[in-house]
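Please read all numbers here as calculations on a predicted model, not as lab measurements. Residue numbers start from 1 in every chain, and the chains themselves are labelled A, B, ... in the order their sequence lines are given, proteins ahead of strands.
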Protein chains: 2
Amino acid sequence: MEEKLPVFESIFSIDCLIFGFEAGVLKILLIERGDEPFKDWFALPGYIVKQDESLDDAADRILYELTGLRDLPMKQFHTFGEVNRHPQGRVITVGYYALIRVNSQKELRPTAHLARKAIWHPVSDLPKLAFDHTDIFNKGFAKIRRRLNHQPIAFDLLPEKFTLTQLQGLYEAILDKKLDKRNFRKKMLSYGFLKELVEKQKGVSYRAAKLYKFDKRKYAKIFQNELTAE
Amino acid sequence: MEEKLPVFESIFSIDCLIFGFEAGVLKILLIERGDEPFKDWFALPGYIVKQDESLDDAADRILYELTGLRDLPMKQFHTFGEVNRHPQGRVITVGYYALIRVNSQKELRPTAHLARKAIWHPVSDLPKLAFDHTDIFNKGFAKIRRRLNHQPIAFDLLPEKFTLTQLQGLYEAILDKKLDKRNFRKKMLSYGFLKELVEKQKGVSYRAAKLYKFDKRKYAKIFQNELTAE
DNA sequence: ACAAAAGTGTTCTTTGTACACCCATGA
DNA sequence: TCATGGGTGTACAAAGAACACTTTTGT
């Protein structure tokens, strides 16, 4: 602490890209802003990092304040630092993402005034977003699409028990293309980390499908070498 | 500009991970610090972002001031925001990396006082670095290792004309494992983006190897679909 | 009985991997 | 002539891609 650092009036913030999968549609969480700038616009949940909290902690806190969601496994994906990205001053923002089960979450309840409300919105039809949030979305979504091929991130979006058809539908929603049913199932099952349950799907007016679980322990065993990758 | 943003005394900085390949050894660029804190320590070239420059611009400027190198194709890889990572206050830093040709560069000539000198240091034997720079190095190096399998980043480290053995040596240095000569060559040539030159290696006391060039145009044509990936 | 989705194999192509010897050159 | 790295091919295994019909169930 011997010498002083030069101080600039600059701020950093967090913006969160929270994906969910509901009724076969891929969605993200948006807030409707109740304050200027961009009052009444839709935006990614995001706000300013405090001086005494790490980025990861800030991401948790901010998401909670703006949406009511808590303790999601968020990961950083990119930092956006264009000089004029915020109309009120220099704000550098760190983008975080998470993939979650929509229905496992309580109702969306922002506590901060900035968020008038929080909603799930289909990614295929996003409105114009505040600030450079559309860029942030695009960058983050591209990253997730790439990661889908290497990491078991899809299971975070599904209920604990799911059918292979649901899983395939999710892959198709994220990758935005049709996949071959037989090849998809063969490949998924060949990994060995899906656990077949005795229980079957209920309440459908056609042949009930088998339910599966994602088995984290098996996954960790099988891919312990590759876990170095993130 | 209607309302004021809350202002915290926080700072962001850039740290650069510059890789080079010299005499068959993978190296990174370090500075020896001439100022507190961590005076006399080795560190990654890094300093504070000004208020009126983007992160990318700041990375270029800072690297130039601390090492004399200019206009490298640097890319952001991660942002480090632990509260106590800097002993003098809250400093969030954005990590950038680049891979370059060591010999294509002029002498290393820092202009900023902070860098007493800049040197190339083998990655296999790094000293303790200032701040959390060892963590930053590990994270960045891991990223590059992964990227090596998907992107033609190795060619940035080699002279314009190179032999297949040199290329293989570089892959082996980055991945830290031996590769099979025949399989390596077959695979590289099968991509179709290496251009065989008529010119051959000179000045060696054994059979002269063919020289190759990396053909960016062909690469772009072949992989235009996958270029969405970064 | 019919509508709707579940479930299932084979063939071919591509990619990866293991492995060892002769060749050309300069000293 | 010898030491040094340059250069080459084959066989097998694994993974990916194309492709269509029968089965189960609820209504």
Side-chain donor-acceptor pair present, Y96(B), D56(B), cut-off under 3.5 Å: yes
Please report, rounded to the nearest Å, how far the [atom2] atom of [N] is from the [atom1] atom of [X].
{"X": "K178(B)", "N": "dA18(C)", "atom1": "NZ", "atom2": "C1'", "result": "17 Å"}
{"X": "K177(B)", "N": "dT17(C)", "atom1": "NZ", "atom2": "C1'", "result": "12 Å"}
{"X": "K200(B)", "N": "dG26(C)", "atom1": "NZ", "atom2": "P", "result": "10 Å"}
{"X": "R185(B)", "N": "dC23(C)", "atom1": "CZ", "atom2": "C1'", "result": "13 Å"}
{"X": "Q166(A)", "N": "dA4(C)", "atom1": "CD", "atom2": "P", "result": "19 Å"}
{"X": "R207(A)", "N": "dA3(C)", "atom1": "CZ", "atom2": "P", "result": "19 Å"}
{"X": "Q201(B)", "N": "dG5(D)", "atom1": "CD", "atom2": "C1'", "result": "9 Å"}
{"X": "M188(A)", "N": "dA6(C)", "atom1": "CE", "atom2": "C1'", "result": "18 Å"}

N or O in side chain of S205(A) less than 4.0 angstrom from dA4(C) OP1/OP2: no
Any R182(B) side-chain N or O less than 4.0 Å from OP1/OP2 of dG7(D): no
Upstream residue (5' side of DNA chain D) when N183(A) and V204(A) are each assigned their closest nucleotide: N183(A)
Need one value for [X]: base, sugar-phosphate or nothing, where a base atom within 4.0 Å counts as base even if backbone is also close, heavy atoms only.
{"X": "K181(B)", "answer": "base"}
{"X": "T163(B)", "answer": "nothing"}
{"X": "T165(A)", "answer": "sugar-phosphate"}

Parallel, tilted or perpendicular: rings of F184(B) and Y171(B) (30°, 60°): perpendicular
Parallel, tilted or perpendicular: rings of F193(B) and Y191(B) (30°, 60°): parallel
Pairwise 5' ranking along DNA chain C for D180(A) and A209(A), keeping only the more 5' one: A209(A)
Any Q151(B) side-chain heavy atom under 4.5 Å of I144(B) side chain: no
Partner of Y97(A) by side chain to side chain donor-acceptor pair (under 3.5 Å), out of R147(A), Q76(A), H78(A): R147(A)
Check: K186(B) side chain, dT10(D) base, donor-acceptor under 3.5 Å: yes
Closest listed nucleotide, where the reference is the side chain of Y206(A) and the choices are dG6(D), dT8(C), dA6(C): dA6(C)
